[in-house]
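Atoms within each ligand, like the ligands themselves, are counted from 1 in listed order. Heavy-atom basis, side chains included; hydrogens, waters and symmetry copies ignored. When a residue number appears, it is its place in the shown sequence, counting from 1.
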Amino acid sequence: MRIDLHIHTAPLSTCSYIDPHELVQEARRLKLDGICLTEHQVLWDPAEVDKLASEGGIQIFRGNEFTTNQGDILVFGFYEDIKELMIIQELRAKVQNAGGYMIAAHPFRGFKTFGIGQLQMTVEQAARRKVFEYVDAVEVGNGKLSDEENDMARKVAEKLDLPGTGGSDAHRVDEIATRVTVFEKDIRDEEELVAEFHAGRFRAEDG
Ligand SMILES: [Zn+2]
Ligand SMILES: [Zn+2]
């Protein structure tokens, strides 16, 4: 199953221009099997997701993108409604308690502009970032990042033996499915999605 794991829609993500109905149409046109709605610390109402899914053709799953003191984290299988900035250790404890799954989103976004790139950060140094101690996987393909930024994430994930995911991080309709995650099995609901994450039966791919 080809799933875009990282999508923002309007109005729940104020930074997004994607109308959820257009999203479903476009995802179908792009032959995605599924999409994940990962707004910024806003969870979709399950009834609204069902309504949207009834437009047909693709599976729709809920995730959540948390802002933590160690960067953004995509979270699945955890449904507590939290609005404030999270300390990563606290988020980790809560999500583990719920049996959920955590992915470091775009971990090296902007690493060139921060000047670290010029200092020739090695993969070893990059892998020492605290965030990687508290996640199950690393987003190694983010549609909004440069190849260089994604490459660093991929090398770090390999070094740490963490699985890699892909998602578009789309905020506009034409950005959907630029990166995806391919799952080995068919997934029918969020419970199965989380189970497949934990089983590691997936890989990141270009869209
Ligand atoms: Zn983010
Ligand atoms: Zn995002």
Side-chain angles (χ1 to χ4, degrees), residues 3-20 22-24 26-27 30 32 34-44 49 60-79 81-88 90-92 95 100-114 116 126 129-132 134-154 156-157 162 164-181 190 193 197 202 204-207:
I3 300 180
D4 187 340
L5 280 192
H6 189 167
I7 299 176
H8 297 275
T9 65
L12 290 183
S13 285
T14 49
C15 49
S16 173
Y17 297 94
I18 299 178
D19 173 81
E22 262 180 79
L23 166 63
V24 170
E26 182 66 2
L30 294 167
L32 283 174
I35 50 175
C36 293
L37 305 167
T38 54
E39 318 296 356
H40 296 286
Q41 286 177 241
V42 184
L43 275 165
W44 271 71
V49 175
I60 307 177
F61 309 108
R62 291 173 302 157
N64 206 345
E65 185 170 16
F66 279 87
T67 306
T68 78
N69 60 326
Q70 293 291 329
D72 289 352
I73 308 289
L74 292 172
V75 177
F76 294 90
F78 174 68
Y79 302 103
D81 183 24
I82 300 170
K83 299 297 181 208
E84 64 268 25
L85 178 125
M86 291 293 289
I87 303 298
I88 192 134
E90 290 172 16
L91 182 64
R92 183 62 169 161
V95 173
Y101 198 80
M102 288 169 68
I103 303 165
H106 46 67
F108 296 104
R109 181 169 70 183
F111 86 112
K112 280 280 177 191
T113 37
F114 296 142
I116 312 163
R129 279 192 51 188
K130 268 252 166 291
V131 64
F132 301 117
Y134 301 100
V135 293
D136 303 292
V138 178
E139 188 181 52
V140 300
N142 177 296
K144 309 280 276 182
L145 261 49
S146 68
D147 288 345
E148 217 167 2
E149 291 165 327
N150 280 323
D151 267 4
M152 183 57 105
R154 186 181 46 77
V156 165
L162 286 170
T165 67
S168 66
D169 205 355
H171 288 67
R172 294 194 331 241
V173 165
D174 63 356
E175 293 172 338
I176 296 162
T178 46
R179 300 274 183 156
V180 297
T181 302
E190 285 162 15
L193 176 68
F197 271 135
F202 62 87
E205 263 187 21
D206 292 348

>> If I take every N, O or S atom of H171, is at least one of them less than 2.8 Å from the Zn ion (ligand 2)?
In response: no
> If you check every N/O/S atom of D169, which is the one nearest the Zn ion (ligand 2)?
Replying inline: OD1
> Is it true that the side chains of S146 and E149 contain a donor and an acceptor less than 3.5 Å apart?
Replying inline: yes
> Under the 3.5 angstrom rule, does the side chain of E39 hit a backbone N or O of T9 as a donor-acceptor pair?
Replying inline: yes
> Within less than 2.8 Å of the Zn ion (ligand 1), any N, O or S from H40?
Replying inline: no
> the Zn ion (ligand 1) is nearest to which N, O or S atom of D72?
Replying inline: OD2
> How far does CD of E139 sit from OG1 of T181, to the nearest 0.5 angstrom?
Replying inline: 8.0 Å
>> Any N/O/S atom, side chain or main chain, of H106 closer to the Zn ion (ligand 2) than 2.8 Å?
In response: no
>> Using modelled atom types and a 3.5 Å cut-off, is there a donor and acceptor pairing between side-chain atoms of K130 and backbone atoms of Q70?
In response: no
>> What I'd like to find out is whether the side chain of V42 reaches to under 4.5 Å of the side chain of N64, using heavy atoms alone.
In response: no
>> Restricting to N, O or S, what is the name of the atom of H8 that lies nearest the Zn ion (ligand 2)?
In response: NE2
> Looking just at side-chain N and O atoms, do H8 and S16 make a donor-acceptor pair shorter than 3.5 Å?
Replying inline: no
> Which N/O/S atom belongs to E65 and is the closest one to the Zn ion (ligand 1)?
Replying inline: OE2
